[in-house]
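Notes for the one structure printed next.
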Number of protein chains: 2
Amino acid sequence: MATRSGPRSVKRRSRPGKRSVYFFGDGHARGHAGMRNLLGGKGANLAEMTRLEVPVPAGFTLSTEVCREFDRRGGKLPQRVREEVLAGLRRVEKVMGGRFGDRREPLLVSVRSGARVSMPGMMDSVLNLGLNDETVEGLAERSGDARFAFDSYRRFVQMYGNVVLDIPLEKFEAKLEARKQARGVEQDTELDAADLKALVNVYKQLVSACTGKPFPDRAEDQLWGAIAAVFRSWDTARAVTYRKLYGIPDEWGTAVSVQAMVFGNLGDDSATGVAFTRDPSTGEKRFFGEYLPTAQGEDVVAGIRTPHPISRASRKRGDPPSLEQAMPDCYRQLLRVARLLERHYRDMQDLEFTIQHGKLWLLQTRTGKRTARAAVKVAVDLVRERLIDRETAVRRVEPESLDQLLHPTLDRSSAPPPIGRGLPASPGAACGRVVFTADAAEESARRGEEVILVRPETSPEDIHGMHAAQGVLTALGGMTSHAAVVARGMGKCCVTGCMKLVVDSERGVAQLDGVEFHEGDVITLDGSSGFIFKGKVPTVEPELSREFQQLMRWADGIRRLRVRANADTPTDAALARSFGAEGIGLCRTEHMFFPPERILAVRRMILADTMEERTAALQQILPMQRDDFFGILRAMDRLPVTIRLLDPPLHEFLPHTEEEMATLAHDLGLSDETLRRKIEGLREFNPMLGQRGCRLGIVHPEIYEVQVRALFEAACACAAEGMRPRPEIMIPLVAHVEELRILKALVDTTAREVMRERRQRVRYSVGTMIEVPRAALTAERVAAVADFFSFGTNDLTQMTLALSRDDAGRFIPTYISRGILKDDPFVTLDLEGVGELIRIGVRKGRAARPGLKIGLCGEHGGDPRSIAFCDAMGLDYVSCSPFRVPIARLAAAQATLEAGPAG
Amino acid sequence: MATRSGPRSVKRRSRPGKRSVYFFGDGHARGHAGMRNLLGGKGANLAEMTRLEVPVPAGFTLSTEVCREFDRRGGKLPQRVREEVLAGLRRVEKVMGGRFGDRREPLLVSVRSGARVSMPGMMDSVLNLGLNDETVEGLAERSGDARFAFDSYRRFVQMYGNVVLDIPLEKFEAKLEARKQARGVEQDTELDAADLKALVNVYKQLVSACTGKPFPDRAEDQLWGAIAAVFRSWDTARAVTYRKLYGIPDEWGTAVSVQAMVFGNLGDDSATGVAFTRDPSTGEKRFFGEYLPTAQGEDVVAGIRTPHPISRASRKRGDPPSLEQAMPDCYRQLLRVARLLERHYRDMQDLEFTIQHGKLWLLQTRTGKRTARAAVKVAVDLVRERLIDRETAVRRVEPESLDQLLHPTLDRSSAPPPIGRGLPASPGAACGRVVFTADAAEESARRGEEVILVRPETSPEDIHGMHAAQGVLTALGGMTSHAAVVARGMGKCCVTGCMKLVVDSERGVAQLDGVEFHEGDVITLDGSSGFIFKGKVPTVEPELSREFQQLMRWADGIRRLRVRANADTPTDAALARSFGAEGIGLCRTEHMFFPPERILAVRRMILADTMEERTAALQQILPMQRDDFFGILRAMDRLPVTIRLLDPPLHEFLPHTEEEMATLAHDLGLSDETLRRKIEGLREFNPMLGQRGCRLGIVHPEIYEVQVRALFEAACACAAEGMRPRPEIMIPLVAHVEELRILKALVDTTAREVMRERRQRVRYSVGTMIEVPRAALTAERVAAVADFFSFGTNDLTQMTLALSRDDAGRFIPTYISRGILKDDPFVTLDLEGVGELIRIGVRKGRAARPGLKIGLCGEHGGDPRSIAFCDAMGLDYVSCSPFRVPIARLAAAQATLEAGPAG
């Protein structure tokens with residue numbers, strides 16, 4: 001999508017005459033939408049909108065290259081850039097009327113950040129820049145509204161003080177509160193011009209007290225300060241966190257757009273708002289948005305006032321009048337612009353607008369964030385509307401986001417009456433213990449607890465907590481508040497604007513309509529309805545939309561990689577097939593050993609002293625395994641089912657508690673002491689590197705023999721009923737081809753025996769997990785015996801990184817915070833290390849046996865980035881948990897599209 | 001040395017006219033010494049000796065290709081070969097006189113195996129072939145000695161029955177005993193011709209009873225049977241075991257030599273013996289050997305009769321007369337032949353001879369097996385005698401064998417009086433618990449116990465037990481008995497021919513001159529003197545001979561690879577340097593943490609709750625570490641010393657017993673319960689893959705900081721005293737270059753700080769272990785930061801093979817017995833797997849940083865085959881335990897020679 005900018009050294013050598021500042025206004029613009037990398041999303045779109053003759057206040061954009069240059073020069077703007085900025089200002093003055101810093105006709109500007117991709121709330125902006133004790137008078141005169149002028153001035157000093165000069169907002173708010181108290185009023189709007197003027201002076205005193213310098217009065221000084229602050233804000237902790245979370249490179253930098261101010265707070269014929277060209281929650285094609293009369297843009301996004309609906313259709317009983325009702329002309333013009341922009345960009349747009357004295361100005365357009373449900377519907381609808389093709393639709397949906405469509409929602413039929421309702425800001429259901437701070441959320445999540453983060457409102461400082469929580473509930477904020485936008489992006493359930501909720505984070509208590517919650521109490525959220533429930537509410541399986549099925553069919557038509565599921569039971573197998581799995585890539589037979597009615601036989605088998613005792617215990621297990629296999633093979637009739645023979649160290653099956661020990665000792669007729677000694681004898685120092693996997697099969701061939709017999713008896717029974725079972729027997733933990741050779745012979749012998757007994761023929765193959773580095777390194781030898789390979793990337797990651805999944809918790813947090821690990825290697829394949837082994841394994845394996853079938857069956861089989869790698873490596877399939885099958889199907893299709901036309 | 005034979009398909013296409021049988025005799029031979037691969041060592045040398053006009057009985061050799069053809073044809077000789085054999089027989093008859101199977105002038109032959117390399121006792125032979133009820137009469141007439149003829153006939157039937165027809169020897173021996181008892185005699189020699197004739201019939205009845213067929217009377221049938229038996233014997237279990245032990249490929253096959261018999265048991269003017277051109281124990285240049293008058297060759301080797309000395313010089317008081325005294329002419333001729341052969345082959349020879357009616361015949365010559373001490377002396381002496389050059393001398397000594405020169409010998413000064421004496425068959429000292437069977441020896445060794453195998457005599461069936469034991473003691477057999485030859489080859493201490501020893505393996509008891517031993521009693525052997533001691537006797541360090549030092553200097557002049565030692569203490573460092581170590585390749589700092597006076601501070605450090613507590617505990621440890629480092633750096637002045645920072649999981653340092661726990665709880669002022677919880681909290685599921693190595697340094701930088709500070713304080717102190725310390729700091733368990741980057745910065749900062757404080761400059765470097773597969777796979781990134789690499793092949797083997805060294809014992813025996821593993825991968829590098837990672841690591845590392853210094857510091861650093869690989873990979877050095885340094889020096893030189901002239 002984006003071309004990468006060249007290395008630093010090249011840029012430094014770039015012509016000194018190269019442009020740094022890009023003007024837009026009055027239907028003309030130097031930039032355009034294709035210059036996103038240089039102008040940021042916001043700047044590029046402002047230029048593009050201007051070219052489209054959408055009413056956009058004039059301005060100019062300092063490019064992202066300037067950001068890097070600024071950084072290199074230790075926070076200084078080169079003279080050349082300063083000159084271009086001043087030239088740009090002159091041109092804005094000409095288009096918009098007024099002059100920057102001029103007493104009589106003051107031009108005010110906003111200074112905003114804009115990175116290559118949208119980072120909502122993460123970057124700082126300064127509005128109303130250009131105001132000082134002189135220009136404020138001009139503004140008052142020109143607008144005929146002194147209160148507006150001083151309110152703007154007050155907001156500016158506060159914002160500048162906070163954003164540019166790093167003074168905490170609370171300090172300004174305290175002064176504001178004090179003034180309101182002194183005046184005996186409750187609302188800001190009740191303060192008059194004189195109050196606000198006095199407040200400006202109080203603010204300025206605060207600034208000089210905090211910084212030791214007077215507040216900058218010259219408009220130009222303000223501008224340089226604000227531009228520098230925006231560039232600096234690229235490196236604030238919260239911006240860095242966001243980038244880390246979303247994998248955005250630090251070197252991209254931000255652009256700065258300086259734009260003439262227009263005012264939504266200029267009286268009753270002014271307003272400000274945001275709008276989506278479609279419903280960002282459902283994807284429905286209906287104009288959707290919110291606005292606030294007599295407000296500046298920040299008021300809507302910050303969630304301090306709950307906004308009004310934009311259209312009559314979306315207005316609910318009791319809501320204030322919609323924009324469509326209050327300003328029908330502006331609404332119609334907005335609708336026209338929205339349609340134009342959506343058709344132009346061929347995607348759902350998220351617009352910011354301001355109405356100043358009845359004139360509509362567009363401040364921004366960008367691709368609208370949406371829920372997975374909306375993403376699917378919008379993508380499919382846009383194909384139907386012939387705006388995009390199927391490939392584009394498939395590319396448009398983030399595979400990972402499908403997760404929210406596939407997980408259960410609340411079972412409303414058995415839900416208790418809700419105790420409250422907020423805005424359905426991000427769909428899905430979530431249940432967990434209440435926490436009141438982001439840190440508490442993160443801490444609980446680390447302990448494995450599911451929590452709901454409850455906040456008055458959220459801010460970028462809360463992102464890590466939102467990430468850790470199952471769901472988010474806020475008292476303030478609308479459908480486009482910070483909490484809502486971020487939660488939708490994360491695919492988290494979120495309810496916002498629950499006005500009756502009173503949150504006291506300090507005391508760790510919240511009240512909702514008389515019901516009190518304490519930290520640790522369980523609540524349930526329904527992000528699709530906005531309802532809030534006390535306690536845990538049961539859930540129902542999701543029903544997948546027609547659009548979802550359509551998109552999946554398109555994806556299936558595109559992808560090269562096959563998708564199987566990891567499933568150990570007939571139920572899971574059926575579920576996986578319903579999600580589109582094309583077989584089972586990993587059936588872990590050990591999971592069949594754990595049910596309470598079987599475990600005794602298993603323990604008897606493990607603790608047997610002689611092969612006879614062991615065989616007798618295995619005979620008890622055989623019919624149970626056979627029934628399981630039968631169910632699985634039936635559920636996957638005609639599709640391949642990869643059965644992995646017993647893998648874990650045997651002592652995993654042994655009892656751990658005193659009580660279990662006593663029961664087992666009694667069952668086996670052993671003394672406690674004897675049993676304890678036997679169990680102790682099986683203990684291993686490093687079970688992960690001990691007697692497990694095929695080593696069990698080599699040392700105790702009778703175990704594998706019984707498993708293979710059970711499998712083939714089941715397969716023959718399927719065949720007898722007219723099914724076409726396709727078992728693939730997989731030998732785990734092979735490090736040396738000889739292990740595979742010996743065990744393949746065992747499988748073949750047993751299979752032939754059973755098929756002869758049952759007079760059936762079953763097509764089968766015998767292959768191996770590649771999960772020991774040595775197997776990958778000697779793949780050419782292993783492939784000489786294996787019918788197929790399946791990379792077991794969980795273990796392969798453990799061995800390659802020398803990282804025990806069970807023990808890594810002690811240092812992984814440090815590793816992530818210090819940036820040593822970018823991703824959890826058990827979630828996203830470590831491409832440099834484990835990926836290199838896969839590359840070697842595939843190359844050597846296929847060199848020895850051209851066309852060798854190769855799959856992957858670790859957790860990574862459901863991770864889109866890992867799937868892209870598997871596709872690039874030419875694997876035949878990935879296998880993942882049933883719920884991730886649709887994600888994998890979509891990710892595989894995207895990988896095919898990324899790779900370009902097939903050869 | 002040997003060219004490999006081509007693939008099977010090529011051989012099958014070889015011309016049908018190709019020769020299979022190679023004649024030798026009367027100064028003419030088709031073969032020669034260079035045809036070892038085709039004719040086996042024995043056949044090639046018989047041909048060569050014949051060409052040298054050494055008196056050798058005529059014969060012919062069936063080539064090893066026939067062995068493979070025999071095998072392919074399922075145990076049948078092709079007609080072409082049969083015809084060539086018969087033609088060969090005719091020629092032998094012509095040269096030697098007599099006719100095969102002829103009643104009047106019977107020619108008898110021996111049929112012997114002969115592989116490419118000598119496999120003593122492993123292959124079967126048949127002597128006196130051609131005897132039957134008719135020819136025996138001819139032999140009796142011709143020799144004028146009916147007793148001799150029937151004794152030969154008896155021996156032949158017994159040997160043929162055993163070797164060709166698989167009848168246990170005991171059955172024949174029982175018949176012999178019965179006959180002796182019936183005749184009331186004790187010695188075989190007391191039986192007369194009639195007895196023996198009767199015995200032949202008894203034997204024949206035994207054969208038909210066992211096989212269901214009559215004994216083959218036709219000489220030609222006997223010959224075909226014997227040839228087939230020799231070929232078949234290539235695949236007996238004991239031959240397979242020997243090959244596995246010595247790494248001899250199964251496909252080499254054996255040749256068969258058929259040779260006219262000569263007789264050493266034809267009366268007082270006949271004898272048989274073996275001789276070495278130099279002393280195989282010491283290497284001294286003195287003719288050395290043993291003989292038995294009136295005996296066949298098997299009698300000497302089998303150790304049933306204790307032989308007489310060959311020369312007057314080696315005769316001890318009470319010995320029977322030497323050959324030099326008894327048959328001075330033959331002795332002089334033998335001496336001449338021996339000198340001729342040694343000069344011809346340019347190496348010490350091991351000869352077999354027979355004297356028949358005063359005429360000397362040589363039956364075999366081969367390179368003599370020798371002790372390490374002898375190998376070194378012979379090699380150096382041969383250079384001085386200008387028979388070989390230095391390179392050849394260096395090639396001649398098996399590096400592994402030096403082990404026996406480097407280990408302690410008995411401290412005779414503090415030894416108690418010995419309880420007995422045998423022959424000093426293989427030097428060195430050994431101490432252990434008595435076991436009476438090879439199986440018991442193997443079993444005890446598996447439990448880690450040191451044992452002495454005590455046997456009446458040994459046979460090839462005992463090889464696995466000899467391998468497992470520390471030393472071997474036999475009641476029977478001479479210096480060239482099976483036990484002696486095999487033990488010398490293995491470098492095991494061995495005492496043979498201890499005539500006063502009576503061994504009752506059944507009852508598990510032995511008596512030596514009135515002292516009784518039971519299984520489990522400790523005894524000590526001195527293989528250099530032959531003395532046997534009750535209990536454990538103290539030992540002294542070995543003194544290295546001048547020849548040894550000379551050979552090492554030559555090796556040093558040849559080798560490319562440097563050799564360092566693994567040493568953790570000043571004492572070990574000094575020892576290593578005395579053995580020629582060129583630095584320390586691995587100093588494990590954790591070993592400094594274990595002494596009782598330090599461990600409390602270490603435990604305090606580990607269990608600290610705050611960084612302050614931890615730092616305080618570390619401050620206690622610092623001066624101790626500094627002293628250690630000072631001692632090590634001083635011992636290795638001017639040589640590089642690689643210090644590995646703390647590596648093992650911290651819980652390894654914690655107490656394990658109840659008592660230690662209580663003490664520690666008291667010391668730390670904690671309750672037992674609290675301490676237990678803390679320790680439990682540090683427990684890991686897979687410590688090998690847990691928080692260890694550089695992960696400790698990342699999470700607890702203060703630990704590494706203190707270690708680095710201690711090191712640099714010590715290095716500065718050395719520098720202040722005028723030394724030139726060369727510390728190399730090595731970061732363990734790096735998986736990701738970022739780990740190294742962070743910790744290198746920590747080392748650099750601390751080093752600069754200390755050097756500034758002490759006003760000293762110390763040259764140092766910072767590198768990393770490559771012991772995690774990921775580090776090897778991403779070596780190009782790691783090399784960007786590392787000053788050097790050191791392959792830690794112990795851990796690399798564990799990770800690459802997913803094999804915990806501590807847990808592998810449960811399945812490794814099965815793996816070795818099933819042939820899955822050829823060598824213990826912790827002893828000899830797994831070249832296919834781990835070797836491949838090393839290859840990748842070296843290639844990528846040097847690509848990123850040309851000339852990157854790379855070493856290896858696992859146990860493999862002292863293993864000759866692994867060293868050859870390291871040399872081929874272009875590593876800069878290997879590091880091994882001090883005692884293996886000379887082995888590594890020699891192995892490195894041999895690797896250089898193998899690789900050919902340097903580019």
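Per chain, numbering begins at 1; letters A, B, ... match sequence-line order.
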Any idea which of [options] has the most non-hydrogen atom pairs under 4.5 angstrom with chain B?
options                                : value
A:Ala735, A:Gly690, A:Gly835           : A:Gly690
A:His736, A:Glu836, A:Arg818, A:Arg695 : A:Arg695
A:Leu821, A:Thr814, A:Val834, A:Val772 : A:Val772
A:Leu696, A:Asn686, A:Ile820, A:Leu777 : A:Asn686

Which is it for A:Arg588 and A:Asp647 under the salt bridge (charged side-chain N to carboxylate O under 4.0 Å, His left out) test, yes or no, and what are the steps along the way?
CA-CA 8 Å; A:Arg588 286 159 290 222; A:Asp647 183 50; over 6 Å; no
Just so I know, are the side chains of [X] and [Y] near enough to count as touching, which here means a heavy-atom distance under 4.5 Å?
X        : Y        : value
A:Glu652 : A:Pro649 : yes
A:Leu743 : A:Val734 : no
A:Asp250 : A:Arg243 : yes

Is a side-chain N or O of [X] found less than 3.5 angstrom from the main chain of [Y], in a donor-acceptor match?
X        : Y        : answer
A:Arg692 : A:Pro732 : no
A:Gln707 : A:Leu646 : yes
B:Glu771 : B:Leu733 : yes
B:Arg603 : B:Phe653 : yes
A:Thr750 : A:Glu705 : no

Against chain B, label [X] side chain, backbone, both or neither, depending on which of its atoms sit under 4.5 Å from a heavy atom there.
X        : answer
A:Ala802 : both
A:Ile840 : side chain
A:Arg683 : backbone

Closest-packed option against chain A by number of heavy-atom pairs under 4.5 Å, given B:Glu739, B:Arg774, B:Glu738, B:Arg741
B:Arg774
So which bits of residues 790-800 of chain B come within less than 4.5 Å of chain A, counting non-hydrogen atoms only?
B:Gln798, B:Met799, B:Thr800
Counting only non-hydrogen atoms closer than 4.5 Å, can you tell me which residues of residues 697-704 of chain B sit against chain A?
B:Ile698, B:Val699
Working to the nearest 0.5 angstrom, can you tell me the gap between B:Phe869 CZ and B:Asp863 CG?
12.0 Å
Exceeds 12 heavy-atom contacts within 6.0 angstrom, atom CZ of B:Arg865
no
Please report the C-alpha distance between B:Leu654 and B:Leu607 in whole Å, then the side-chain angles of each, then the deciding distance to 0.1 Å, and finally whether the side chain to side chain contact (heavy atoms under 4.5 Å, CB included) criterion is met.
CA-CA 9 Å; B:Leu654 294 175; B:Leu607 296 169; 4.1 Å; yes
From CA spacing to verdict: salt bridge (charged side-chain N to carboxylate O under 4.0 Å, His left out), B:Glu832, B:Lys822
CA-CA 12 Å; B:Glu832 285 173 19; B:Lys822 288 224 174 59; over 6 Å; no
